[in-house]
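Order of the sequence lines fixes the chain letters, A, B, ..., with proteins taken first and strands second; residue numbering starts at 1 for each chain.
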There are 2 protein chains.
Amino acid sequence: MSPAPGSARRKSRVGGKADTEVAIRTTRPINFGPLADFVGYALRRAQVAATTRYLEAMQEVDLRPTQFSVLILINENPGIRQTEVCAALGLQKANFVPLLNELQRRGLAVRKAGVPDRRSSALYLTPHGEAVLKRANELHTAWEQSLSARLGPQGRTQLLELLQKLI
Amino acid sequence: MSPAPGSARRKSRVGGKADTEVAIRTTRPINFGPLADFVGYALRRAQVAATTRYLEAMQEVDLRPTQFSVLILINENPGIRQTEVCAALGLQKANFVPLLNELQRRGLAVRKAGVPDRRSSALYLTPHGEAVLKRANELHTAWEQSLSARLGPQGRTQLLELLQKLI
DNA sequence: TATTGTTATACTCTATAACTATA
DNA sequence: TATAGTTATAGAGTATAACAATA
């Protein structure tokens with residue numbers, strides 16, 4: 001799993017040439033050994049690369065991956081409770097509090113009282129939250145299409161199926 | 001990519017039955033909407049699941065993914081410099097310092113002086129480091145085999161190829 | 001007693017700026 | 001001037017314990 005935006009940088013030395021030449025220092029080619037064939041390592045590298053491009057693509061709506069998935073879940077399940085979102089997404093309830101506070105501060109989601117169980121509140125998107133989510137989905141769709149372009153027509157489906165088997 | 005060890009927990013209510021029954025509270029089924037078809041989300045979930053199992057598998061040698069990959073790289077490229085390892089694995093040189101300190105403290109790797117460029121030192125595994133790496137490779141191979149079992153014979157190769165296209 | 005939401009806290013991972021000693 | 005290694009620091013993400021209100 002280690003990070004590694006494929007960057008075994010190799011600079012080429014300009015032989016015994018004089019110093020007037022741009023003297024770029026040689027770094028011998030790095031041997032990755034068995035690492036090149038590790039699924040865990042490839043998974044990590046792919047995830048880092050994907051996240052980097054995701055953040056670029058979603059810059060306009062300024063939604064981190066988890067924030068985006070929380071908005072989707074609230075939108076798909078209006079009135080959902082915090083604990084339910086946490087269980088569905090694998091988040092700690094303690095960490096969800098500041099995350100939701102931020103979404104509420106930005107006017108994207110709200111906690112509403114009036115649930116039978118008075119310990120909980122019900123979560124909803126605001127109209128603004130719905131609009132931002134709509135735009136986020138457009139940007140995200142474009143991003144997924146750029147993935148499909150890399151993976152080929154069947155590649156994306158194949159990848160999804162294979163990843164499912166790891167969960 | 002949001003976390004989510006597939007855990008949309010659904011408890012089933014025992015209809016209108018009396019309280020003598022184990023009263024499990026209903027949580028309505030959560031609708032994941034488009035999230036279920038996102039490559040980024042699947043990538044994240046698979047990576048989290050894989051890392052969790054990796055850590056279990058490697059418990060005996062106590063090597064985090066990055067530590068493991070650093071040991072492999074030093075072993076494959078004896079005398080490699082810190083900057084080269086960082087470039088190859090996509091690490092910040094600043095973060096590499098405490099990481100290598102820890103490997104050195106545990107007697108797995110060493111910085112040796114005597115390089116032409118006196119700003120650098122050359123990295124090597126100790127005999128103990130080599131032995132630990134050997135054991136780590138055994139444990140890791142077993143883990144990769146458990147992945148292969150999930151993915152099917154061609155699945156692992158397919159997955160590696162698809163992940164490469166994302167990098 | 002158990003659960004929901006919350007606070008506080010800590011640990012890992014990642015990122016940037018600035019320093020030193022060499023080049 | 002630029003680079004290798006280092007220090008310090010800050011920001012995410014994630015994890016646990018404990019508390020108040022409610023069930």
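- Taking atom CZ of A:Arg81 as the reference point, atom P of D:dT22 lies 16 Å away to the nearest angstrom.
- Remark: the B:Arg119 side chain and the D:dT3 base include a donor-acceptor N/O pair separated by less than 3.5 Å.
- The shortest distance between the side-chain N/O atoms of A:Arg118 and the OP1/OP2 oxygens of D:dA21 is not below 4.0 Å.
- Toward the 5' end of DNA chain D, the nearer of the two residues A:Pro116 and A:Gln92, judged by each one's closest nucleotide, is A:Gln92.
- No hydrogens or angles were tested; on distance alone, nothing pairs the side chain of B:Asp117 with the base of D:dA4 as donor and acceptor under 3.5 Å.
- Atom CD in B:Gln82 sits about 14 Å away from atom C1' in C:dA21, given to the nearest Å.
- One can place CG of A:Asn101 at 11 Å from C1' of C:dT7, the figure rounded to the nearest angstrom.
- Using a 4.5 Å heavy-atom threshold, the side chains of B:Asn77 and B:Val85 count as separate.
- Across all their heavy atoms, A:Leu166 and B:Arg53 have their closest contact at O-NH2, 2.6 Å.
- Atom CD in A:Glu84 sits roughly 14 Å away from atom C1' in C:dG5 (whole-Å rounding).
- At a cut-off of 3.5 Å, with distance as the only test, no side-chain donor of A:Gln145 or A:Thr141 sits close to an acceptor on the other residue.
- Phosphate proximity of D:dG13 to A:Arg64: present, with a side-chain N or O under 4.0 Å from OP1 or OP2.
- Nucleotides of DNA chain C nearest to A:Val97 and B:Val115 differ in position, and the one nearer the 5' end is that of A:Val97.
- Between the CG atom of B:Asn95 and the C1' atom of C:dT16 there is a distance of 10 Å, rounded to whole Å.
- If you take CZ of B:Phe96 and P of C:dC13, they are 14 Å apart, rounded to a whole angstrom.
- Between B:Ser121 and D:dA4 there is no side-chain polar atom (N or O) within less than 4.0 angstrom of OP1 or OP2.
- Residue B:Arg111 places at least one side-chain N or O closer than 4.0 Å to OP1 or OP2 of D:dT6.
- For the residue pair A:Arg111/A:Asn101, the side-chain donor-acceptor check at 3.5 Å is satisfied.
- Going from atom CG of B:Leu99 over to atom P of D:dT6 covers 12 Å, rounded to whole Å.
- In the set D:dA4, C:dA17, C:dT6, D:dA4 carries the atom at the smallest distance from any side-chain atom of B:Lys93.
- Residues A:Ser146 and A:Trp143 come closest through the heavy atom pair OG-O, 2.7 Å.
- Counting to the nearest Å, the P atom of D:dG5 and the CG atom of B:Leu91 are 13 Å from each other.
- Residue A:Ser120 places at least one side-chain N or O closer than 4.0 Å to OP1 or OP2 of C:dG5.
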